[in-house]
Trainee: 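Shown below is the structure under consideration.
Reminder, nothing fancy here: chain letters follow the sequence lines and each chain counts from 1.
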Protein chains: 2
Amino acid sequence: MKGYLWQHEATAGQPKELLDWESVAIDAVGNVIEFWGFKRNQGRVWALLYLRDVALTAAEIEKDLALSKGGVSMLLRDLERWGVALRVRTPGDTSWRYRAETDLLKMARRVIEEREFSFIARIRADLEEARKLAENDATTTKAQVQRLKRMETLAEATEKALRLFLKTSRLDVGGMFEVFRS
Amino acid sequence: MKGYLWQHEATAGQPKELLDWESVAIDAVGNVIEFWGFKRNQGRVWALLYLRDVALTAAEIEKDLALSKGGVSMLLRDLERWGVALRVRTPGDTSWRYRAETDLLKMARRVIEEREFSFIARIRADLEEARKLAENDATTTKAQVQRLKRMETLAEATEKALRLFLKTSRLDVGGMFEVFRS
DNA sequence: CATGCAGTTCAAAACGGCTTGAACTATATG
DNA sequence: CATATAGTTCAAGCCGTTTTGAACTGCATG
(Lines give C-alpha, C1' and ligand atoms only; values in the text may rest on other atoms or scores of the structure.)
Protein backbone atom coordinates (compact mmCIF):
# COMPACT_ATOMS: atom_id res chain seq x y z
CA MET A 1 0.00 0.00 0.00
CA LYS A 2 2.15 2.80 -1.23
CA GLY A 3 2.36 4.94 -4.27
CA TYR A 4 1.85 2.97 -7.41
CA LEU A 5 2.45 4.57 -10.71
CA TRP A 6 1.51 3.18 -13.98
CA GLN A 7 3.89 1.15 -15.98
CA HIS A 8 2.36 0.04 -19.20
CA GLU A 9 2.39 3.05 -21.49
CA ALA A 10 5.96 3.22 -20.28
CA THR A 11 6.48 -0.28 -21.57
CA ALA A 12 5.56 0.69 -25.10
CA GLY A 13 8.35 1.01 -27.60
CA GLN A 14 10.68 -1.79 -26.62
CA PRO A 15 12.37 -4.45 -28.70
CA LYS A 16 9.12 -6.28 -28.05
CA GLU A 17 9.42 -9.93 -27.29
CA LEU A 18 6.02 -10.08 -25.69
CA LEU A 19 2.62 -10.10 -27.33
CA ASP A 20 0.54 -7.06 -26.49
CA TRP A 21 -1.94 -8.91 -24.36
CA GLU A 22 0.84 -10.66 -22.56
CA SER A 23 2.52 -7.47 -21.53
CA VAL A 24 -0.77 -5.94 -20.39
CA ALA A 25 -1.53 -8.95 -18.25
CA ILE A 26 2.00 -9.22 -16.94
CA ASP A 27 2.10 -5.60 -15.89
CA ALA A 28 -1.28 -5.91 -14.24
CA VAL A 29 0.00 -8.76 -12.12
CA GLY A 30 3.10 -6.73 -11.38
CA ASN A 31 0.85 -4.02 -10.03
CA VAL A 32 -1.22 -6.30 -7.83
CA ILE A 33 1.83 -7.89 -6.39
CA GLU A 34 3.39 -4.54 -5.67
CA PHE A 35 0.23 -3.68 -3.83
CA TRP A 36 0.86 -6.69 -1.61
CA GLY A 37 4.25 -5.29 -0.74
CA PHE A 38 6.50 -7.10 -3.17
CA LYS A 39 8.52 -5.94 -6.10
CA ARG A 40 6.65 -5.34 -9.30
CA ASN A 41 9.16 -7.44 -11.21
CA GLN A 42 8.70 -10.42 -8.95
CA GLY A 43 5.09 -10.39 -10.05
CA ARG A 44 6.00 -9.87 -13.67
CA VAL A 45 8.36 -12.79 -13.74
CA TRP A 46 5.82 -15.03 -12.09
CA ALA A 47 3.14 -13.88 -14.51
CA LEU A 48 5.30 -14.59 -17.52
CA LEU A 49 6.03 -18.08 -16.32
CA TYR A 50 2.40 -18.67 -15.52
CA LEU A 51 1.07 -17.39 -18.83
CA ARG A 52 3.55 -19.28 -20.95
CA ASP A 53 3.12 -22.48 -18.97
CA VAL A 54 6.46 -23.80 -20.10
CA ALA A 55 9.76 -23.75 -18.27
CA LEU A 56 11.83 -20.75 -19.32
CA THR A 57 15.50 -20.03 -18.87
CA ALA A 58 16.77 -16.97 -17.11
CA ALA A 59 18.04 -15.70 -20.45
CA GLU A 60 14.58 -15.90 -21.98
CA ILE A 61 13.01 -14.10 -19.08
CA GLU A 62 15.70 -11.48 -19.28
CA LYS A 63 14.98 -10.88 -22.94
CA ASP A 64 11.18 -10.96 -22.74
CA LEU A 65 10.82 -8.70 -19.76
CA ALA A 66 13.80 -6.52 -20.62
CA LEU A 67 15.49 -7.04 -17.28
CA SER A 68 19.13 -7.36 -16.44
CA LYS A 69 20.94 -10.64 -15.93
CA GLY A 70 21.65 -9.90 -12.32
CA GLY A 71 18.12 -8.77 -11.69
CA VAL A 72 16.59 -11.90 -13.12
CA SER A 73 18.92 -14.01 -11.02
CA MET A 74 17.80 -12.29 -7.85
CA LEU A 75 14.14 -12.25 -8.75
CA LEU A 76 14.15 -15.96 -9.51
CA ARG A 77 15.89 -16.71 -6.30
CA ASP A 78 13.17 -14.81 -4.41
CA LEU A 79 10.39 -16.65 -6.22
CA GLU A 80 12.08 -19.96 -5.63
CA ARG A 81 12.67 -19.28 -1.97
CA TRP A 82 9.01 -18.45 -1.56
CA GLY A 83 8.01 -21.57 -3.41
CA VAL A 84 6.18 -19.89 -6.28
CA ALA A 85 8.71 -20.81 -8.95
CA LEU A 86 10.31 -24.16 -9.53
CA ARG A 87 13.79 -24.73 -10.87
CA VAL A 88 13.94 -27.66 -13.25
CA ARG A 89 16.72 -29.20 -15.26
CA THR A 90 15.47 -30.49 -18.57
CA PRO A 91 17.28 -33.66 -19.72
CA GLY A 92 19.80 -32.62 -22.34
CA ASP A 93 19.80 -28.97 -21.39
CA THR A 94 22.73 -26.95 -20.23
CA SER A 95 20.94 -24.38 -18.09
CA TRP A 96 18.21 -24.29 -15.49
CA ARG A 97 14.64 -23.57 -16.43
CA TYR A 98 11.86 -22.22 -14.29
CA ARG A 99 8.18 -22.99 -14.06
CA ALA A 100 5.46 -21.20 -12.15
CA GLU A 101 4.16 -22.89 -9.08
CA THR A 102 0.62 -21.71 -9.07
CA ASP A 103 -0.17 -20.68 -5.54
CA LEU A 104 0.96 -17.08 -5.67
CA LEU A 105 -0.59 -16.40 -2.33
CA LYS A 106 1.98 -18.66 -0.77
CA MET A 107 4.36 -15.84 -1.44
CA ALA A 108 2.22 -13.22 0.23
CA ARG A 109 1.68 -15.36 3.30
CA ARG A 110 5.30 -16.34 3.71
CA VAL A 111 6.71 -12.93 3.45
CA ILE A 112 4.06 -11.16 5.39
CA GLU A 113 4.42 -13.65 8.16
CA GLU A 114 8.17 -13.41 8.22
CA ARG A 115 8.54 -9.67 8.10
CA GLU A 116 5.36 -7.86 9.12
CA PHE A 117 4.94 -9.53 12.42
CA SER A 118 8.44 -8.84 13.60
CA PHE A 119 7.90 -5.31 12.46
CA ILE A 120 4.83 -4.85 14.59
CA ALA A 121 6.49 -6.64 17.50
CA ARG A 122 9.27 -4.11 17.36
CA ILE A 123 6.82 -1.24 17.47
CA ARG A 124 5.09 -2.72 20.47
CA ALA A 125 8.40 -3.13 22.22
CA ASP A 126 9.27 0.49 21.54
CA LEU A 127 5.99 1.72 22.95
CA GLU A 128 6.42 -0.40 26.02
CA GLU A 129 9.88 1.01 26.49
CA ALA A 130 8.56 4.53 26.12
CA ARG A 131 5.95 3.88 28.77
CA LYS A 132 8.52 2.49 31.18
CA LEU A 133 10.78 5.46 30.64
CA ALA A 134 7.87 7.79 31.21
CA GLU A 135 6.84 6.00 34.38
CA ASN A 136 10.35 6.41 35.79
CA ASP A 137 10.26 10.10 35.06
CA ALA A 138 8.85 12.06 37.98
CA THR A 139 7.44 14.78 35.76
CA THR A 140 5.17 12.41 33.85
CA THR A 141 1.48 12.79 34.52
CA LYS A 142 -1.01 9.98 34.96
CA ALA A 143 -2.79 11.13 31.83
CA GLN A 144 0.37 10.77 29.81
CA VAL A 145 0.95 7.22 30.93
CA GLN A 146 -2.63 6.58 30.05
CA ARG A 147 -2.12 7.87 26.52
CA LEU A 148 0.96 5.75 26.06
CA LYS A 149 -1.01 2.70 27.09
CA ARG A 150 -3.59 3.60 24.51
CA MET A 151 -0.92 3.80 21.88
CA GLU A 152 0.20 0.30 22.79
CA THR A 153 -3.34 -0.77 22.26
CA LEU A 154 -3.09 0.75 18.82
CA ALA A 155 -0.11 -1.40 17.96
CA GLU A 156 -1.78 -4.49 19.36
CA ALA A 157 -4.84 -3.74 17.33
CA THR A 158 -2.76 -3.34 14.21
CA GLU A 159 -1.18 -6.70 14.81
CA LYS A 160 -4.56 -8.22 15.33
CA ALA A 161 -5.89 -6.70 12.14
CA LEU A 162 -2.92 -8.00 10.22
CA ARG A 163 -3.40 -11.47 11.59
CA LEU A 164 -7.03 -11.36 10.69
CA PHE A 165 -6.17 -10.11 7.26
CA LEU A 166 -3.79 -13.00 6.69
CA LYS A 167 -6.30 -15.48 7.92
CA THR A 168 -9.12 -14.14 5.83
CA SER A 169 -6.92 -13.88 2.78
CA ARG A 170 -6.01 -17.47 3.37
CA LEU A 171 -9.63 -18.48 3.36
CA ASP A 172 -11.10 -16.05 0.97
CA VAL A 173 -8.41 -15.10 -1.49
CA GLY A 174 -6.78 -18.44 -0.88
CA GLY A 175 -9.96 -20.10 -1.91
CA MET A 176 -10.06 -18.03 -5.03
CA PHE A 177 -6.42 -18.52 -5.76
CA GLU A 178 -6.82 -22.19 -5.74
CA VAL A 179 -8.37 -21.85 -9.14
CA PHE A 180 -4.76 -21.57 -10.18
CA ARG A 181 -4.04 -25.16 -9.32
CA SER A 182 -4.41 -27.25 -12.44
CA MET B 1 3.52 -2.60 3.64
CA LYS B 2 6.79 -1.52 2.24
CA GLY B 3 10.31 -1.19 3.45
CA TYR B 4 10.50 0.31 6.88
CA LEU B 5 13.82 1.20 8.32
CA TRP B 6 14.48 2.31 11.76
CA GLN B 7 14.49 5.87 12.69
CA HIS B 8 15.17 6.32 16.35
CA GLU B 9 18.84 5.83 16.87
CA ALA B 10 19.00 8.20 13.94
CA THR B 11 17.02 10.67 15.98
CA ALA B 12 19.64 10.79 18.71
CA GLY B 13 21.86 13.82 18.88
CA GLN B 14 19.50 16.62 17.98
CA PRO B 15 18.84 19.95 19.67
CA LYS B 16 16.40 17.85 21.68
CA GLU B 17 13.10 19.44 22.39
CA LEU B 18 11.43 16.14 23.12
CA LEU B 19 11.71 13.99 26.20
CA ASP B 20 13.28 10.62 25.51
CA TRP B 21 10.12 8.65 26.02
CA GLU B 22 8.22 11.07 23.86
CA SER B 23 10.48 10.62 20.92
CA VAL B 24 10.45 6.84 21.28
CA ALA B 25 6.66 6.80 21.31
CA ILE B 26 6.36 9.32 18.52
CA ASP B 27 8.68 7.38 16.24
CA ALA B 28 6.85 4.19 17.01
CA VAL B 29 3.59 5.75 15.88
CA GLY B 30 5.39 7.10 12.83
CA ASN B 31 6.37 3.54 12.00
CA VAL B 32 2.89 2.08 12.40
CA ILE B 33 1.39 4.77 10.28
CA GLU B 34 3.96 4.25 7.59
CA PHE B 35 3.00 0.62 7.62
CA TRP B 36 -0.55 1.70 6.81
CA GLY B 37 0.74 3.53 3.78
CA PHE B 38 1.09 7.07 5.04
CA LYS B 39 4.05 9.26 5.66
CA ARG B 40 6.01 8.62 8.80
CA ASN B 41 5.88 12.30 9.68
CA GLN B 42 2.12 12.44 9.43
CA GLY B 43 2.09 9.88 12.20
CA ARG B 44 4.75 11.69 14.17
CA VAL B 45 2.88 14.98 14.10
CA TRP B 46 -0.33 13.30 15.15
CA ALA B 47 1.46 11.46 17.96
CA LEU B 48 3.02 14.65 19.28
CA LEU B 49 -0.34 16.38 19.38
CA TYR B 50 -1.93 13.39 21.01
CA LEU B 51 0.73 12.92 23.66
CA ARG B 52 0.90 16.57 24.61
CA ASP B 53 -2.86 16.92 24.68
CA VAL B 54 -2.68 20.65 24.21
CA ALA B 55 -3.05 22.66 21.03
CA LEU B 56 0.35 23.39 19.51
CA THR B 57 1.35 25.91 16.89
CA ALA B 58 3.03 24.94 13.67
CA ALA B 59 6.19 26.61 14.93
CA GLU B 60 6.24 24.42 18.04
CA ILE B 61 5.74 21.28 16.02
CA GLU B 62 8.47 22.38 13.67
CA LYS B 63 10.90 22.83 16.53
CA ASP B 64 9.98 19.69 18.49
CA LEU B 65 10.04 17.30 15.57
CA ALA B 66 12.84 19.07 13.71
CA LEU B 67 10.85 19.47 10.54
CA SER B 68 10.81 22.31 8.08
CA LYS B 69 8.26 25.09 8.07
CA GLY B 70 6.90 24.06 4.70
CA GLY B 71 6.81 20.42 5.70
CA VAL B 72 4.79 21.10 8.82
CA SER B 73 2.35 23.19 6.83
CA MET B 74 1.72 20.35 4.40
CA LEU B 75 1.58 17.65 7.05
CA LEU B 76 -0.95 19.59 9.08
CA ARG B 77 -3.07 20.18 6.05
CA ASP B 78 -3.11 16.44 5.38
CA LEU B 79 -4.08 15.63 8.94
CA GLU B 80 -6.75 18.27 8.93
CA ARG B 81 -8.18 17.13 5.63
CA TRP B 82 -8.43 13.61 6.96
CA GLY B 83 -10.08 14.86 10.13
CA VAL B 84 -7.45 13.67 12.58
CA ALA B 85 -6.18 17.11 13.55
CA LEU B 86 -8.24 20.13 14.46
CA ARG B 87 -7.28 23.70 13.77
CA VAL B 88 -8.25 26.00 16.62
CA ARG B 89 -7.80 29.70 17.20
CA THR B 90 -7.17 30.46 20.85
CA PRO B 91 -8.70 33.78 21.98
CA GLY B 92 -5.94 36.34 22.14
CA ASP B 93 -3.55 34.36 19.99
CA THR B 94 -2.04 35.44 16.75
CA SER B 95 -1.57 32.05 15.12
CA TRP B 96 -3.47 28.81 14.63
CA ARG B 97 -3.03 25.91 16.97
CA TYR B 98 -3.69 22.24 16.35
CA ARG B 99 -5.13 19.48 18.49
CA ALA B 100 -5.31 15.76 17.85
CA GLU B 101 -8.64 14.34 16.93
CA THR B 102 -8.39 10.90 18.35
CA ASP B 103 -9.73 8.56 15.73
CA LEU B 104 -6.55 7.90 13.81
CA LEU B 105 -8.19 5.11 11.92
CA LYS B 106 -10.41 7.64 10.24
CA MET B 107 -7.33 8.57 8.30
CA ALA B 108 -6.57 5.04 7.21
CA ARG B 109 -10.12 4.39 6.10
CA ARG B 110 -10.50 7.59 4.16
CA VAL B 111 -7.35 7.30 2.22
CA ILE B 112 -7.55 3.61 1.61
CA GLU B 113 -11.07 3.95 0.36
CA GLU B 114 -10.23 6.78 -1.93
CA ARG B 115 -7.12 5.38 -3.52
CA GLU B 116 -6.87 1.60 -3.16
CA PHE B 117 -10.15 0.74 -4.72
CA SER B 118 -9.59 2.74 -7.86
CA PHE B 119 -6.20 1.13 -8.03
CA ILE B 120 -7.62 -2.38 -8.01
CA ALA B 121 -10.36 -1.38 -10.41
CA ARG B 122 -7.73 -0.29 -12.86
CA ILE B 123 -5.92 -3.60 -12.57
CA ARG B 124 -9.10 -5.51 -13.23
CA ALA B 125 -9.77 -3.39 -16.29
CA ASP B 126 -6.29 -4.08 -17.60
CA LEU B 127 -6.69 -7.80 -17.19
CA GLU B 128 -10.02 -7.73 -18.93
CA GLU B 129 -8.48 -5.80 -21.76
CA ALA B 130 -5.66 -8.31 -22.04
CA ARG B 131 -8.13 -11.15 -22.24
CA LYS B 132 -10.10 -9.42 -24.97
CA LEU B 133 -6.97 -8.77 -26.95
CA ALA B 134 -5.92 -12.36 -26.54
CA GLU B 135 -9.33 -13.64 -27.64
CA ASN B 136 -9.08 -11.59 -30.82
CA ASP B 137 -5.70 -13.04 -31.58
CA ALA B 138 -5.98 -16.21 -33.63
CA THR B 139 -2.81 -17.68 -32.17
CA THR B 140 -4.13 -17.66 -28.61
CA THR B 141 -4.87 -21.06 -27.13
CA LYS B 142 -7.87 -21.96 -25.01
CA ALA B 143 -5.56 -22.64 -22.10
CA GLN B 144 -4.13 -19.16 -22.30
CA VAL B 145 -7.55 -17.53 -22.16
CA GLN B 146 -8.25 -19.75 -19.23
CA ARG B 147 -5.16 -18.51 -17.42
CA LEU B 148 -6.07 -14.92 -18.07
CA LYS B 149 -9.47 -15.50 -16.59
CA ARG B 150 -7.82 -16.94 -13.55
CA MET B 151 -5.72 -13.85 -13.23
CA GLU B 152 -8.84 -11.73 -13.27
CA THR B 153 -10.10 -13.83 -10.45
CA LEU B 154 -6.92 -12.94 -8.63
CA ALA B 155 -7.64 -9.24 -8.92
CA GLU B 156 -11.23 -9.72 -7.86
CA ALA B 157 -10.08 -11.67 -4.88
CA THR B 158 -7.64 -8.97 -3.95
CA GLU B 159 -10.38 -6.39 -4.06
CA LYS B 160 -12.54 -8.60 -1.93
CA ALA B 161 -9.78 -9.08 0.60
CA LEU B 162 -9.17 -5.36 0.76
CA ARG B 163 -12.84 -4.68 1.37
CA LEU B 164 -12.90 -7.27 4.07
CA PHE B 165 -9.78 -5.83 5.58
CA LEU B 166 -11.32 -2.38 5.75
CA LYS B 167 -14.47 -3.71 7.25
CA THR B 168 -12.74 -5.76 9.88
CA SER B 169 -10.37 -2.95 10.73
CA ARG B 170 -13.41 -0.80 11.21
CA LEU B 171 -14.90 -3.26 13.64
CA ASP B 172 -11.90 -4.71 15.28
CA VAL B 173 -9.20 -2.09 15.24
CA GLY B 174 -11.90 0.54 15.19
CA GLY B 175 -13.26 -0.89 18.38
CA MET B 176 -9.83 -0.82 19.90
CA PHE B 177 -9.10 2.63 18.63
CA GLU B 178 -12.10 3.95 20.35
CA VAL B 179 -10.16 3.75 23.54
CA PHE B 180 -8.64 6.93 22.23
CA ARG B 181 -11.83 8.86 22.66
CA SER B 182 -11.77 10.60 26.01
C1' DC C 1 1.39 51.73 2.70
C1' DA C 2 5.69 49.90 5.07
C1' DT C 3 6.68 46.30 8.36
C1' DG C 4 6.38 41.87 10.39
C1' DC C 5 4.67 37.54 11.24
C1' DA C 6 1.82 33.26 9.90
C1' DG C 7 1.12 30.30 6.47
C1' DT C 8 1.58 28.30 1.57
C1' DT C 9 3.86 26.89 -2.59
C1' DC C 10 7.07 24.60 -5.31
C1' DA C 11 11.69 23.89 -7.49
C1' DA C 12 15.57 21.72 -6.03
C1' DA C 13 18.03 18.63 -2.84
C1' DA C 14 18.16 14.60 -0.08
C1' DC C 15 16.88 10.09 0.56
C1' DG C 16 15.95 5.21 -0.23
C1' DG C 17 14.77 1.37 -2.78
C1' DC C 18 15.41 -1.01 -7.18
C1' DT C 19 18.00 -2.15 -11.15
C1' DT C 20 22.06 -2.49 -13.78
C1' DG C 21 26.21 -4.43 -15.44
C1' DA C 22 30.93 -5.62 -14.75
C1' DA C 23 33.60 -8.68 -12.10
C1' DC C 24 33.44 -12.79 -10.11
C1' DT C 25 32.37 -17.92 -9.03
C1' DA C 26 30.67 -22.43 -10.44
C1' DT C 27 30.06 -25.90 -13.57
C1' DA C 28 30.43 -28.49 -17.73
C1' DT C 29 33.21 -29.97 -21.70
C1' DG C 30 37.06 -31.39 -24.67
C1' DC D 1 43.53 -27.55 -17.09
C1' DA D 2 41.93 -24.19 -20.70
C1' DT D 3 37.71 -22.55 -22.39
C1' DA D 4 32.99 -21.43 -22.47
C1' DT D 5 28.74 -20.69 -20.67
C1' DA D 6 25.45 -20.24 -16.61
C1' DG D 7 24.68 -18.05 -12.53
C1' DT D 8 25.75 -14.78 -8.44
C1' DT D 9 27.22 -10.65 -6.16
C1' DC D 10 27.38 -5.94 -5.18
C1' DA D 11 28.93 -1.05 -5.93
C1' DA D 12 27.22 2.53 -8.60
C1' DG D 13 23.49 4.79 -10.89
C1' DC D 14 18.69 5.62 -11.61
C1' DC D 15 14.31 7.09 -10.31
C1' DG D 16 10.33 8.11 -7.54
C1' DT D 17 9.10 10.06 -3.08
C1' DT D 18 9.71 13.12 0.67
C1' DT D 19 11.70 17.07 2.65
C1' DT D 20 13.72 21.48 2.56
C1' DG D 21 13.95 26.40 2.33
C1' DA D 22 13.47 30.56 -0.18
C1' DA D 23 10.08 33.26 -2.42
C1' DC D 24 5.62 34.42 -2.11
C1' DT D 25 0.71 35.55 -0.34
C1' DG D 26 -2.35 37.24 3.19
C1' DC D 27 -3.31 39.73 6.94
C1' DA D 28 -2.88 42.64 10.95
C1' DT D 29 -0.77 46.71 12.88
C1' DG D 30 1.26 51.45 13.43
Trainee: What ring pair (Phe, Tyr, Trp, His ring centres under 6.0 Å) pairs are there with at least one residue in residues 89-109 of chain B, not counting sequence neighbours?
Mentor: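 Passing the test, one end in residues 89-109 of chain B: no pairs.
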
Trainee: Quick one: salt bridge (Lys or Arg N to Asp or Glu O under 4.0 Å) partners of A:Arg77, sequence neighbours excluded?
Mentor: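 Not a single residue meets the salt bridge (Lys or Arg N to Asp or Glu O under 4.0 Å) criterion with A:Arg77.
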
Trainee: A:Ala121: what forms a side chain to side chain contact (heavy atoms under 4.5 Å, CB included) with it, not counting sequence neighbours?
Mentor: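 Residues passing side chain to side chain contact (heavy atoms under 4.5 Å, CB included) with A:Ala121: none at all.
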
Trainee: What integer distance in Å separates A:Leu76:CG from D:dT9:C1'?
Mentor: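 Going from CG in A:Leu76 over to C1' in D:dT9 covers 15 Å.
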
Trainee: Tell me the side chain to side chain donor-acceptor pair (under 3.5 Å) pairs involving residues 65-75 of chain A, sequence neighbours left out?
Mentor: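 For residues 65-75 of chain A, and leaving out neighbouring residues, there are no side chain to side chain donor-acceptor pair (under 3.5 Å) pairs at all.
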
Trainee: Over all strands shown, is A:Arg87 touching base, sugar-phosphate only, or nothing at heavy-atom distances under 4.0 angstrom?
Mentor: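 A:Arg87: backbone/sugar contact only, no base atoms under 4.0 Å.
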
Trainee: End-to-end bend of the helix from C:dC1-D:dG30 to C:dG30-D:dC1 (five-pair axes, 10° rounding)?
Mentor: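 Taking five pairs per end, the axes differ by 10°.
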
Trainee: Applying salt bridge (Lys or Arg N to Asp or Glu O under 4.0 Å), can you list everything that pairs with A:Asp137, at least two apart in sequence or on another chain?
Mentor: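 Checked A:Asp137 against salt bridge (Lys or Arg N to Asp or Glu O under 4.0 Å); zero matches.
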
Trainee: Under 4.0 Å between a Lys/Arg side-chain N and an Asp/Glu carboxylate O for B:Arg131 and B:Glu135?
Mentor: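 The answer is yes: the pair qualifies as a salt bridge.
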
Trainee: Check whether any side-chain N or O of A:Arg77 sits under 4.0 Å from OP1 or OP2 of D:dT9, and answer yes or no.
Mentor: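 Affirmative; the distance criterion is met.
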
Trainee: Please state how far atom CG in B:Asn31 lies from atom C1' in C:dG16, giving the value in whole angstrom units.
Mentor: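 Rounding to the nearest Å, CG of B:Asn31 and C1' of C:dG16 are 15 Å apart.
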
Trainee: By salt bridge (Lys or Arg N to Asp or Glu O under 4.0 Å), which residues pair with B:Arg89, not counting sequence neighbours?
Mentor: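 Not a single residue meets the salt bridge (Lys or Arg N to Asp or Glu O under 4.0 Å) criterion with B:Arg89.
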
Trainee: Using atom CD of A:Glu60 as one end and atom C1' of D:dG7 as the other, report the distance to the nearest whole Å.
Mentor: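 Between C1' of D:dG7 and CD of A:Glu60: 15 Å.
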
Trainee: In whole Å, what is the span from the CG atom of A:Leu65 to the P atom of C:dC18?
Mentor: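 Taking atom P of C:dC18 as the reference, CG of A:Leu65 is at 18 Å.
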
Trainee: Round to a whole Å and report the spacing from CD of A:Glu62 to C1' of D:dA6.
Mentor: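 Between C1' of D:dA6 and CD of A:Glu62: 11 Å.
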
Trainee: Please give, in whole Å, the distance from D:dT17 P to B:Asp78 CG?
Mentor: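 Rounded to whole Å, this separation is 15 Å.
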
Trainee: C:dG7 C1' sits how many Å from B:Ile61 CD1, rounded?
Mentor: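 Rounded to whole Å, this separation is 13 Å.
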
Trainee: Give one of base, sugar-phosphate or nothing for B:Ser95, where a contact means two heavy atoms less than 4.0 Å apart.
Mentor: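 Answer is sugar-phosphate: B:Ser95 comes under 4.0 Å of backbone atoms only.
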
Trainee: Within this structure, what is the CG-to-P distance between A:Asp93 and D:dT5, rounded to whole angstrom?
Mentor: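 My rounded result for the distance is 14 Å.
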
Trainee: Given B:Trp21, which partner from the list A:Thr140, A:Leu127, A:Asn136 fulfils the side chain to side chain contact (heavy atoms under 4.5 Å, CB included) test?
Mentor: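 One option only clears the test, and that one is A:Thr140.
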
Trainee: Could you encode protein contacts along nucleotides 19-30 of chain C as a string, one character per nucleotide from 5' to 3', using B for base contact, S for sugar-phosphate-only contact and - for no contact, with a heavy-atom cut-off of under 4.0 Å?
Mentor: SBB---------

Trainee: Going by salt bridge (Lys or Arg N to Asp or Glu O under 4.0 Å), name the residues that satisfy it together with B:Glu22, two or more places apart in sequence or in a different chain.
Mentor: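 Partners of B:Glu22 by the salt bridge (Lys or Arg N to Asp or Glu O under 4.0 Å) criterion, ordered by chain and then number, come out as B:Arg52.
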
